[in-house]
K.L.:
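My questions will all concern the structure given below.
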Amino acid sequence: MSWTSAVRSLLELGAANAAEGDREGILVANVAACVIVVTTTSFALIYALYGEPSLIPLVYANLALAVAAAMTPLFHRFGRVASGLWEFGICVVVLVWIASYVGRDSGVLLTLLGVTPVAFAILGFQNIALVTVLSAMAAITVIAASIAFPQARAGVYDDTRFLQLLHSSSIITVTLMCFATIYYAFQMAREAQGRLARLMTSIMPDEIVARLLRNERETIIDEFEHATVVLIDIVQFVALSNSLGPERTVNLLNELFSEFDCLAAATGVEKIKTVGDAYLAVAGVPARHPTPEKAAAVFGFGAIAAAREIGERHGVVLKLRAGMASGSVTAGVLGRAKYAYDIWGAPVNLAARLEAIGKPGCITTTAEIRQRLGESFLFICSGREDIKGFGPTEIWTTRMPDPDACVPGIRAHTAT
């Protein structure tokens, strides 16, 4: 085990079973406990090296505080509040006793001035009232103890240089405590924000995530004059899922859609969503694409080929239908509790209609896309269809580079 792993394991003591809302505060409490253990043990050693009999109680007091701080993980089961109160209580008791022993000029009471930032880091803003109370108690304790213990007890070693050492050690302790706990708290917040960003980019485009992170209240609605929508669906999926059973069906879909995700990233196509066994994607959203039709077609053919290979691995015949349409679309984010990035427009509806009337292993599309793609792919005119919402529409079918993909006996090809 490396030293970094050992430190991380130490900082996570007692946090494994903590409630999600308490975990961050508990980890910060462990950081504070580590600082207390290290500093008090070091000071106990320094005082012991002085060889003054009157300083032996200080050695014991610092060791007692170190042991008490090391017990902090035992309180994590009760939540971050219990851990924070334990550390506050042991520090107040021991530091006030030390102040009563060596006097206020030792500066040990200065350590309590770090209560506010450390309490914020451990307890969080949701416990602002408790943080306020602890901060007030710390301030009152410092003032009262300074008045009550102006001088060291009779017979206690009070050399000027020793008192300066105590004063300096108190400043070092409070500085180190504040720095370590606040740094760790900010580091955890940064990691949490990174996890959130990665999670959000897995369900919507990077550009949209960046805008939401800048301003989560922004209403995101964008118009795109030209984009190409492709909808892919599994042929006879109900019969297939009935034969496979729930577990094998889910495993198959997961592998298939994961491959589609990789294809989408590789071809410059944006996944929008899955609905059952259907996969909706678009080229030209949210970033405009110079050739959205070609990108969508390459994605569609890749998906059909991937389905064939994945079906063979699962021992089934897996065929897809795809519908593809171009035009202007609207894209935006829906909802506040659960974000969803979606697209609307005639191409979305038309792609769904074309997929429904398409042939397995083919991409069914329109004359407009046929014209835009030119000679890049081989097209076959399937005549005119009266499509709901669009009226009589000239239908074209484009095929994979496989002679058996669509119509037997006619070899399809792609331009090189």
Side-chain angles (χ1 to χ4, degrees), residues 1-45 61-96 98 108 110-135 137-138 141 169-196:
M1 178 184 292
S2 65
W3 70 270
T4 54
S5 299
V7 171
R8 181 171 289 274
S9 299
L10 182 64
L11 295 180
E12 293 181 352
L13 280 176
N17 298 321
E20 188 60 32
D22 285 339
R23 178 174 171 80
E24 291 79 7
I26 284 173
L27 293 176
V28 175
N30 280 347
V31 173
C34 288
V35 173
I36 294 172
V37 170
V38 171
T39 54
T40 54
T41 303
S42 301
F43 297 149
L45 179 61
N62 277 274
L63 291 178
L65 183 53
V67 172
M71 295 172 60
T72 298
L74 298 178
F75 293 83
H76 294 341
R77 71 184 70 179
F78 306 111
R80 65 162 69 185
V81 172
S83 302
L85 289 177
W86 169 253
E87 291 186 340
F88 175 80
I90 61 176
C91 288
V92 168
V93 169
V94 175
L95 291 175
V96 168
I98 293 176
V108 294
L110 294 175
T111 308
L112 291 177
L113 297 179
V115 164
T116 299
V118 175
F120 260 125
I122 295 176
L123 300 176
F125 284 99
Q126 62 268 44
N127 293 301
I128 181 65
L130 180 57
V131 172
T132 303
V133 170
L134 295 180
S135 300
M137 290 177 62
T141 300
S169 65
S170 298
I171 294 174
I172 292 172
T173 300
V174 70
T175 302
L176 181 60
M177 177 75 76
C178 292
F179 175 82
T181 53
I182 294 175
Y183 172 83
Y184 197 69
F186 272 103
Q187 182 66 20
M188 287 193 296
R190 182 180 180 183
E191 291 176 358
Q193 187 176 24
R195 289 193 299 270
L196 173 62

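The analysis underlying the following values was restricted to heavy atoms, covering all of them including side chains, and did not include hydrogens, waters or symmetry mates.
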K.L.:
Can you list every side chain to side chain donor-acceptor pair (under 3.5 Å) pair that touches residues 78-92, not counting sequence neighbours?
P.N.:
T72-E87, H76-S83
K.L.:
Pair up each side-chain donor or acceptor in residues 120-133 with any protein partner under 3.5 Å, not counting sequence neighbours, and list the distances.
P.N.:
unit_1	atom_1	unit_2	atom_2	d
N127	ND2	L123	O	2.9
T132	OG1	I128	O	2.8

K.L.:
Could you tell me which non-hydrogen atom of A32 sits nearest to which non-hydrogen atom of V118, and how far apart they are?
P.N.:
CB-CG1, 4.4 Å
K.L.:
Only one of L113, V108, L112 clears side chain to side chain contact (heavy atoms under 4.5 Å, CB included) with L110; which?
P.N.:
L113
K.L.:
Could you state the interatomic distance from SG (C34) to CG (L176), rounded to the nearest 0.5 Å?
P.N.:
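The SG atom of C34 sits 11.0 Å away from the CG atom of L176.
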K.L.:
Roughly how far apart are M188 CE and F186 CZ, rounded to 0.5 Å?
P.N.:
11.0 Å
K.L.:
Report the residues that fulfil ring-ring contact (aromatic ring centres under 6.0 Å, His included) with F179, sequence neighbours left out, ordered by chain and then residue number.
P.N.:
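By the ring-ring contact (aromatic ring centres under 6.0 Å, His included) rule, F179 matches Y183.
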K.L.:
Over all heavy atoms of both residues, which pair between A70 and V37 is shortest? Give the atoms and the distance, please.
P.N.:
N-CG2, 3.9 Å
K.L.:
With sequence neighbours excluded, tell me which residues meet side chain to side chain contact (heavy atoms under 4.5 Å, CB included) with T40.
P.N.:
I36, N62, L65, A66
K.L.:
Could you state the interatomic distance from CG (L27) to CG (D22), rounded to the nearest 0.5 Å?
P.N.:
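Going from CG on L27 over to CG on D22, the span is 10.5 Å.
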K.L.:
Surrounding CD of Q187 (heavy atoms of other residues, nucleotides or ligands, distance under 6.0 Å), is the total greater than 12?
P.N.:
yes
K.L.:
Between T111 and V174, which heavy-atom pair has the shortest distance, and what is it?
P.N.:
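Closest heavy-atom pair between T111 and V174: O-CG2, 3.7 Å.
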K.L.:
Taking only residues two or more places apart in sequence, or in another chain, which ones meet L74 in a side chain to side chain contact (heavy atoms under 4.5 Å, CB included)?
P.N.:
M71
K.L.:
Over all heavy atoms of both residues, which pair between I98 and A61 is shortest? Give the atoms and the distance, please.
P.N.:
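Where I98 meets A61 most closely, the heavy atoms are CG1-CB, 4.1 Å.
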K.L.:
Using side chain to side chain contact (heavy atoms under 4.5 Å, CB included) as the criterion, list what pairs up with I172, not counting sequence neighbours.
P.N.:
none
K.L.:
How close do P73 and N30 get, counting heavy atoms only, and between which atoms?
P.N.:
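Closest approach of P73 to N30: CG-OD1, 3.9 Å.
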